Amino acid sequence: MMMSRCPNQSDLPTTHRVFLETFGCQMNELDSELIVGQLEGMGYRFTDDWKQADIVLYNTCSVREHAEAKVYSRLGRVGSRKRDRPQTLLGVIGCMAERDGRDLLRRYPQVDLLCGPGELDKLPMLIDNALKTAMADDPVNVSQTVALQGSASRRSGTLAAAEDRLEFLDLSRRFNPEAAQAQARSAYVRITRGCNKFCTYCVVPFTRGAEIHRPPDHILDECRRLVEAGVVEITLLGQTVNHYRFEHGHAVEVHGVVQPQKGRSYAGGHDRDPFTDDGHTTTFAKLLQRIHEELPDLQRLRFVTSYPRDFGNDVLEVMRDCPRICRYLHVPVQSGSNRILEMMNRGYTVEEYKDFIERVRAYLPDAQLASDFIVGFPTETEEDFQASVELLTWSRFKNCFVFKYSPRPGTPAFDKMKDDISEEEKKRRNNVMLSEQAAISRAVHESYLGSTVEVFVEGVSSREARKQRRAARDGSLGGAVSLTVHGNDINSEVAPTMSDDETVQMSGRTSGDLITMFDVPATTSDSLIGAIVQVHVTNHAPLALFGELV
Ligand code: SAH
Ligand code: SF4
Ligand code: F3S
């Protein structure tokens, strides 16, 4: 079922220009895409220049203090501008809005609206209210310009309603086959909202609310429409994707219509649906299998983020047997010390994590793994830290994100544990981990020298984009635009005027998520974006392969 209009949408035509900047994870990137579709459908136009915008929106992240600091500085900037242009509307949406709540409005009076990630379907209405308030020069009625889940996000009675409204937002996603001709060939599809794990350091269960698994039919429907619109690669999103589990047989209400969820309308002619474990449950393995099987034109299927606990061999078997599922797993481990893992409430041990890695290597010898670590968690000793270094070295990740522990108000670690590792020490531990990982990443990439890899082409490389921007400034090229693909700042050229013998450096990713660059004649570069090509690897860097098109 696909609907194209949200009941909260206003019928007023609008000519307002919107600037939207996105911070944080892929969930936020997807939310921003849905917001753009929703607002464009109502006639709003988007601009890349915040100074030209009538409405400035920041889709924010709260995961670390640093992420919030960036947004506070943006709010200050827009606040100064609002002194000359008071009609500019400033909205904070996403996880920071939910975490900071009305306190943010008190400290930053220049903010006109707040919308948490669980309330994004209400954004058009909030903007509408804020615009009307501004036009009427009324004192702000906060209840009309603030939508936060607050404590409601974890109450079961409101859960079903929230599920329906948000489900509608995902289902109302706009599919534009023309856009799919170029960069929009890679898409995110949400499978799980929220998180129930409550790792002691983490804000996500508080900002995104309770874990909800989307019905498999809805996911399939969305994937199918994306593929029909020309999408080549789909990345399934969830905080802990492998915990995906949909119990069939529950009634789900979507916009007042009760829909029986007695399995899906299975057309296979068997009594028992082969995509459920027991006739009642769709597991993550079954979901992957079903997408792979039912969408043969989908060339790449990926997923993030995996949780180290309960990652069964059933998923690894499906990955092994389905060639179009990418050989890539991002499985954050956070620490190599069992004592710290317990304090983090992660629910697994180092030994269990190692067992998982060994199973991956056995089932998928060509898979690449990535991970996250937190250094300087409360009470982390040198010994705990060395255990993390050891685990990182043993695991041979293709890359790793290493974060300095950031105490987040409202989390159990913030309330109960003293942030007792100095900033200097956190920085030192961070650098040790990163340099250790750089050596491993270099070796992993080096092992591909002389081989041929399959690459999904995302755009021109950032080096190329910089070169082209410089040339554009000097007047020798057309304009350059910047775009983001899966969190990487990838830059793309618009209508360059280049001669036939010039080459440009393109960038893409292998099935194992290794960034790969190669040169092509300038005249063919546009047509390669979104294609899957073969590249012979001739060189490498710590975080990239270089080669020639085969
Ligand atoms: N759901 C994913 C992670 C989501 S948050 C998982 O459980 O693996 C992304 C990463 O941010 C985490 O893996 C963790 O390494 C980091 N992170 C989260 N909260 C943090 C905090 N308070 N301080 C430092 N890093 C944090
Ligand atoms: Fe945060 Fe843990 Fe949930 Fe990941 S699993 S989002 S780290 S609470
Ligand atoms: Fe940040 Fe929220 Fe994602 S806190 S990491 S934007 S879920």
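Because only heavy atoms are used, hydrogens play no part in the values below, and waters and symmetry mates are left out as well, while side chains stay in. All residue numbers in this chain count up from 1 along the given sequence. For ligands, and for the atoms within them, numbers begin at 1 and follow the listed sequence. Here the structure is a predicted model, which is why all the values come from computation and not from measurement.
Partners of Glu33 under the side-chain hydrogen bond (donor to acceptor under 3.5 Å, both in side chains) rule, at least two apart in sequence or in another chain, are Arg173.
Here the protein contributes Cys25 SG as N, O or S atoms under 2.8 Å from atom 3 (Fe) of ligand 3.
Ion pairing between Lys122 and Glu119 holds under the 4.0 Å rule for side-chain N and carboxylate O. Asp513 has no carboxylate O lying under 4.0 Å from a charged side-chain N of Arg327, or vice versa, which leaves the two without a salt bridge.
Residue contacts with ligand 1: Thr240 is excluded, as none of its non-hydrogen atoms falls under 4.0 Å. Remark: distances from the non-hydrogen atoms of Gln239 to ligand 3 include one below 4.0 Å. Under a 4.0 angstrom heavy-atom cut-off, Val63 registers as being in contact with ligand 1.
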Cut-off 3.5 Å, no hydrogens considered: what does the side-chain donor-acceptor table look like for residues 306-313, sequence neighbours left out?
| from | atom 1 | to | atom 2 | distance (Å) |
| --- | --- | --- | --- | --- |
| Tyr307 | OH | Arg346 | O | 2.5 |
| Asp310 | OD2 | His243 | NE2 | 3.1 |
| Asn313 | OD1 | Arg359 | NH1 | 2.6 |

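Heavy-atom contacts from other residues, nucleotides or ligands closer than 6.0 Å to CD of Glu383 number 12 or fewer.
Interface of Asp372 with ligand 1, defined as ligand atoms under 4.0 Å from a residue heavy atom, comprises 9 (C), 10 (C), 12 (C), 13 (O), 15 (O). Atoms of ligand 1 found under 4.0 Å from any heavy atom of Arg64, numbered from 1 in the order shown, are 11 (O), 16 (C), 17 (N), 23 (N), 24 (C), 25 (N), 26 (C). Counting the atoms of ligand 1 from 1 in the order shown, those under 4.0 Å from a heavy atom of Arg408 are 22 (N). Heavy-atom contacts of Gln239 reach the following atoms of ligand 1: 1 (N), 2 (C), 4 (C) (cutoff under 4.0 Å).
The side chain to side chain contact (heavy atoms under 4.5 Å, CB included) test with Phe401 singles out one residue from Met433, Gln437, His330, and that residue is His330.
In terms of modelled atom types and a separation under 3.5 Å, the side chain of Thr281 and the main chain of Glu247 share no donor-acceptor contact. Tyr353 places a side-chain N or O within 3.5 Å of a backbone atom of Val331 that can act as its donor or acceptor partner. Side-chain atoms of Tyr244 come within 3.5 Å of backbone atoms of Arg214 as a donor-acceptor pair (strictly under, hydrogens ignored). Without hydrogens or angle criteria, Ser371 side chain to Val333 main chain gives a donor-acceptor distance under 3.5 Å.
Residues Glu29 and Asn59 have side chains that never bring a donor and an acceptor to within less than 3.5 angstrom of each other. Looking at Asn338 and Tyr348, their side chains never bring a donor and an acceptor atom within 3.5 Å of each other. Glu98 and Thr207 form no side-chain donor-acceptor contact under 3.5 Å, judged by distance and modelled atom types alone. For the residue pair His213 and Glu211, a side-chain donor N or O sits within less than 3.5 Å of a side-chain acceptor on the partner.
Under 4.0 Å from any atom of ligand 2, one finds heavy atoms of residues Cys195, Lys197, Phe198, Cys199, Tyr201, Cys202, Val204, Pro205, Gln239, Thr240, Tyr307, Arg346.
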Q: Please test Glu390 against Gln386 for side chain to side chain donor-acceptor pair (under 3.5 Å), starting from the C-alpha separation and ending with a verdict.
A: CA-CA 6 Å; Glu390 248 167 61; Gln386 285 306 329; over 6 Å; no

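The shortest contact between atom 24 (C) of ligand 1 and any protein heavy atom is with Lys404 O, 3.4 Å. The protein heavy atom nearest to atom 8 (O) of ligand 1 is Pro332 CG, 3.0 Å. In terms of protein heavy-atom proximity, atom 19 (N) of ligand 1 is nearest to Tyr201 CD1, 3.2 Å. Atom 22 (N) of ligand 1 has Ser406 O, 2.8 Å as its closest protein atom, hydrogens excluded (heavy atom only).
Figure legend: cation-pi geometry between Arg408 and Tyr201 absent, as NZ or CZ is not positioned both under 6.0 Å from the six-membered ring centre and within 45° of its axis.
Atom 12 (C) of ligand 1 has its nearest heavy-atom neighbour, among Arg346, His66, Gln334, in Gln334.
Contacts of Phe403 with ligand 1, taken as heavy-atom pairs under 4.0 Å, involve the side chain alone.
Backbone and side-chain nitrogen or oxygen atoms of Tyr307 are examined, and none is located within less than 3.5 angstrom of a nitrogen or oxygen of ligand 1.
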